[in-house]
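Input: a single structure, listed below in structure tokens.
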Amino acid sequence: MITISNLSKDYKNKVIFNNLNLKIPENKITFISGPNGSGKSTLLKCLLNLEDYTGEIRYDNCHFEKVREDVMVVYDNSPLYHNLTGYQNLELLTNHSFKNVNENNQDILMPHFLKPEILKSKVKNYSLGQKKKLSLMRVLLTKPKYLFLDEASNGLDHEALLDLKSLLRKLSVDTTIIAIGHHFEYYTSIIDNLILMNDQSAIQIKDFELQEGEGLNDIYERYIK
Amino acid sequence: MTSTNVILNRTKKEIKYQWYSRIIWITMIISISISLLNIYGLKSKAASSYDLYVRTYNLYKEEGMDVDKMLDMPINISGTGSEQVVDNPVRLRLEEAATSINHLTINSIVTNTLEWMTFVFFPLIFAIYSIFIASYDYKYKTVSIKATLMAPSQLITSKILSIFLGVLVVFVVTLFSSLITGVIFHNQVISGIAEQTLTRFDNAIVPNNLTLQILFSLLVSLIFASIGFFMGILFKSALLPVILFFVYDFIIPVLGRYDVRNLISVIAHDIFEFKGRFQLFKPTPVSEVTSFIILIIVFALSIFLSYASFNKQSKYNM
């Protein structure tokens with residue numbers, strides 16, 4: 001479980017959020033959403049220790065530094081080395097060494113992820129979707145304990161989206177997944193926990209139940225407005 | 001994984017990046033090419049000096065002089081500057097040829113290479129190399145990924161270690177290839193020289209302080225590598241630091257006695273004799289100890305400031 005206690009963050013004089021208290025359950029999929037500027041990205045930066053903050057964030061009662069090796073993140077802009085091949089990116093942008101990536105990870109690399117011949121070519125020749133798939137492969141192959149997905153579904157084709165959804169469900173058995181974004185329809189069927197951020201604070205909705213014909217966007221509308 | 005293991009693992013990956021992206025190869029090829037240019041220049045000079053000796057020898061021989069006796073006689077030079085008169089030009093040309101050819105011997109080729117590379121080319125090559133290593137994660141925005149994989153200090157340490165290792169490899173390979181090429185060129189030049197003449201070449205240049213010269217050159221290389229690294233981290237890109245470095249190295253004159261270039265020159269003139277093709281400018285006097293201490297401070301400060309700058313920067317979507 002990730003425990004956020006009295007978390008506050010401001011940039012110069014602008015308060016982003018104030019005294020946030022959240023509990024992100026272990027081995028569940030948590031979706032964090034909110035209007036633009038509500039602090040979703042800032043919360044992600046704090047969770048990943050990329051920004052200073054006041055308050056406390058504990059990963060299973062440990063500081064981030066203790067669990068750093070078990071944390072992986074997929075960013076919306078898919079940062080990768082464009083001058084290198086897909087395989088070389090997989091090797092360099094993790095703390096692991098992979099041998100026979102495709103053969104040894106059939107369970108993780110779903111049919112619509114990148115094929116070996118594509119992984120052998122340079123990333124500068126990849127489409128936006130292929131870059132996103134490579135970013136996802138990078139984190140999925142390492143089987144992290146905590147997985148952060150920042151608008152991870154953007155740019156993926158229909159088949160890859162279906163693959164990812166089923167894979168996230170499978171991974172959540174022993175991975176705590178935190179997805180951030182606005183893609184409600186996509187996450188509706190797989191999330192366990194919803195956090196809505198707005199107006200310097202956050203609402204955590206556990207075990208929510210959707211009425212027939214209702215989607216996450218309806219809950220969003222209800223809570224945010 | 002312990003902190004040391006993380007650093008070693010990441011250093012290995014930094015080196016792999018340099019390998020995959022060919023940065024280390026490009027750096028090595030440039031360094032070796034520039035060094036070989038010097039060796040080729042030394043060979044040309046040796047060949048032309050020997051040719052001049054042969055022509056002088058034949059000229060005086062045709063004029064009926066006992067040139068072999070002249071070769072055993074000392075040289076007397078009278079007059080000063082352009083008015084100098086040499087009474088034994090055959091012996092003079094022989095000694096000039098001997099000196100030029102001896103610059104290609106194993107004994108002096110390393111010193112010659114160090115003199116040629118240490119004061120202009122190694123600083124430039126290693127500063128630019130470090131700027132690229134420092135800035136490539138900003139260019140590809142992969143800092144945000146690496147900052148989650150490891151602590152900022154581990155990231156900087158692994159980059160610095162990979163740079164130092166890269167500098168050492170390029171340095172050693174450059175010296176070694178120059179040495180091999182020098183030996184080949186030396187053999188080529190002396191293969192056309194009569195044994196009897198070769199016996200007169202026994203005034204070989206015996207280098208002094210070779211170990212000190214190598215260590216000092218390595219120190220200069222590491223100082224500029226660390227300055228380049230700091231600039232790459234500070235500016236988060238390669239272009240501006242490279243331009244700044246070119247301006248500092250080639251356009252701005254030495255800014256006084258405490259300019260790094262002057263301090264290096266102070267120590268260099270104590271260690272090197274500059275008998276080859278490269279002549280280093282005469283420095284404004286500063287004591288060697290002061291120069292050395294300031295250079296070490298510059299080196300340490302560049303590394304410290306790299307850590308400090310990186311810690312202060314945002315690592316998200318840079």
Side-chain angles (χ1 to χ4, degrees), chain A residues 9 11 40-52 59 63-98 120 122-124 131 134-135 138-139 142 144 146-148 150-151 178 180, chain B residues 1-27 132-159 162 236-238 308-318:
Chain A
K9 176 70 189 171
Y11 289 115
K40 301 185 296 294
S41 295
T42 307
L43 178 61
L44 176 68
K45 290 184 221 177
C46 294
L47 283 164
L48 296 172
N49 215 28
L50 297 174
E51 290 276 358
D52 292 332
Y59 287 74
H63 188 262
F64 179 79
E65 290 301 331
K66 292 269 177 202
V67 296
R68 187 187 281 279
E69 283 174 47
D70 299 317
V71 177
M72 289 299 271
V73 56
V74 175
Y75 292 106
D76 183 28
N77 59 348
S78 302
L80 294 162
Y81 298 127
H82 290 197
N83 56 336
L84 304 186
T85 67
Y87 278 127
Q88 288 167 341
N89 269 277
L90 289 178
E91 183 184 5
L92 298 182
L93 290 175
T94 62
N95 281 336
H96 296 68
S97 298
F98 303 111
K120 282 177 192 162
K122 290 200 172 171
V123 170
K124 65 181 170 193
K131 284 178 197 162
L134 182 62
S135 297
R138 183 183 66 79
V139 300
T142 59
Y146 305 95
L147 173 59
F148 292 85
D150 184 9
E151 303 276 14
I178 298 105
I180 295 173
Chain B
M1 220 188 282
T2 64
S3 180
T4 315
N5 285 343
V6 171
I7 290 168
L8 290 178
N9 180 33
R10 290 315 311 182
T11 305
K12 211 166 111 186
K13 298 213 173 194
E14 287 292 333
I15 293 165
K16 275 189 178 171
Y17 177 84
Q18 294 181 31
W19 183 277
Y20 293 153
S21 64
R22 302 189 181 95
I23 289 180
I24 193 75
W25 288 108
I26 294 167
T27 309
F132 275 98
I133 303 300
S135 62
Y136 76 82
D137 277 312
Y138 296 112
K139 180 183 173 187
Y140 296 112
K141 299 182 187 298
T142 40
V143 167
S144 55
I145 292 178
K146 285 191 172 176
T148 54
L149 295 175
M150 70 201 98
S153 61
Q154 291 172 331
L155 201 163
I156 293 294
T157 306
S158 60
K159 274 187 183 285
S162 75
K236 299 196 269 188
S237 75
S309 303
F310 188 71
N311 268 328
K312 277 192 168 286
Q313 292 167 357
S314 168
K315 283 100 190 162
Y316 183 81
N317 286 351
M318 301 182 89

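Reckoned from all heavy atoms, side chains included, excluding hydrogens, waters and symmetry mates. A, B, ... follow the sequence lines: proteins, then strands. Residue 1 opens every chain.
The pair B:Lys16-A:Glu91 meets the salt-bridge criterion, since a charged nitrogen lies less than 4.0 angstrom from a carboxylate oxygen.
Here the side chain of A:Tyr75 pairs no donor or acceptor atom with the backbone of B:Ile145 at under 3.5 angstrom. Put simply, the side chain of B:Lys13 gets close to the backbone of A:Thr94: a donor and an acceptor are under 3.5 Å apart.
Chain B forms the most heavy-atom pairs under 4.5 Å with one residue out of A:Leu93, A:Leu48, A:Asn83, and that residue is A:Asn83.
Note: B:Tyr140 and A:Tyr81 have perpendicular aromatic rings, judged against thresholds of 30 and 60 degrees for the angle between ring planes.
To the nearest 0.5 angstrom, B:Lys12 atom NZ is 11.5 Å from A:Leu92 atom CG. Atom-to-atom distance recorded for B:Asn311:CG and A:Asp52:CG is 9.0 Å, nearest 0.5 angstrom. Going from atom OG1 of B:Thr142 over to atom NE2 of A:His82 covers 9.0 Å, rounded to the nearest 0.5 Å. Distance check: A:Lys45 NZ to B:Thr148 OG1 gives 14.0 Å after rounding to the nearest 0.5 Å.
Put simply, the side chain of A:Met72 reaches to within 4.5 Å of the side chain of B:Leu149, judged on heavy atoms.
With a 4.5 Å cut-off on non-hydrogen atoms, A:Lys66 does not touch chain B at all. With a 4.5 angstrom heavy-atom cutoff, A:Phe148 does not touch chain B via any of its atoms.
Closest non-hydrogen pair, A:Arg68 versus B:Ala147, comes out as NH1-O, 2.6 Å.
The contact list for residues 19-27 of chain B toward chain A, using heavy atoms and a distance under 4.5 Å, reads B:Tyr20, B:Ser21, B:Arg22 by residue number.
Not counting sequence neighbours, the partners of A:Tyr146 by the ring-ring contact (aromatic ring centres under 6.0 Å, His included) test are A:Tyr59.
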